[in-house]
Structure formats: C-alpha cells, structure tokens
Amino acid sequence: MREARHRRLVALSLAFLFLLTPVALHAEEKVAFNVESRKYHCLECRHAKACTKNCIVIPLSEAKRRGGVPCKVCRGSCG
C-alpha cells in the first residue's frame, strides 16, 4: 500500500514538472552532422541533402558539443 502511494506521488510529481517545463527546451533544432568533416547543416541546406554517407541528424547542441563547425552556406541553422 505504501509503495503504491509512493509510486503514484512520484508519477504525479514528474507529470507536474513536465507541464511546467517550457516547450522550447524540448523543441531544439535538429541539424545534419557530418561525422567525418564535423560540419553541421540546416536540414534544408543543399549540402545536408547531398550528404548521405557520413551524416547523422542530431540536436544542434550535440553537434556543437562534438566540436562541429557550421556550414559556410547555411551557417548551420535554418532560423
């Protein structure tokens, strides 16, 4: 009985915190990151569309954390 009440309290607390968290934190821009050259591109960039072998789609902050440099054409952002 006590465990069930504790689990319910934890679940409600997490749900409440999730509702209070700004949506912007969850909607981070995704970029195409070339793992060989370490350049990142806006997903609409012509270089991102042409990159099929070494590119992965990751959040912009992760691309920067990995030492990425922005593309010279799109500057790494669609915004």
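As a basis for the values below, the full set of heavy atoms in this structure was taken, side chains included, without hydrogen atoms, waters or symmetry mates.
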Under 3.5 Å, which donor-acceptor pairs do the side chains of residues 42-69 form with other protein atoms, sequence neighbours left out?
from, atom 1, to, atom 2, distance (Å)
S61, OG, E28, OE1, 3.2
S61, OG, E28, OE2, 2.7
E62, OE1, R65, NE, 3.0
E62, OE2, R65, NH2, 2.8
E62, OE2, R66, NE, 3.0

Distance-only donor-acceptor hits, side chain of residues 33-40, under 3.5 Å, sequence neighbours excluded:
from, atom 1, to, atom 2, distance (Å)
N34, OD1, E36, N, 2.8
N34, OD1, S37, N, 3.0
S37, OG, K39, N, 3.3

inquiry  = Applying side chain to side chain donor-acceptor pair (under 3.5 Å) as the test, list every pair that has at least one member in residues 70-79; sequence neighbours left out.
reply    = E29-S77

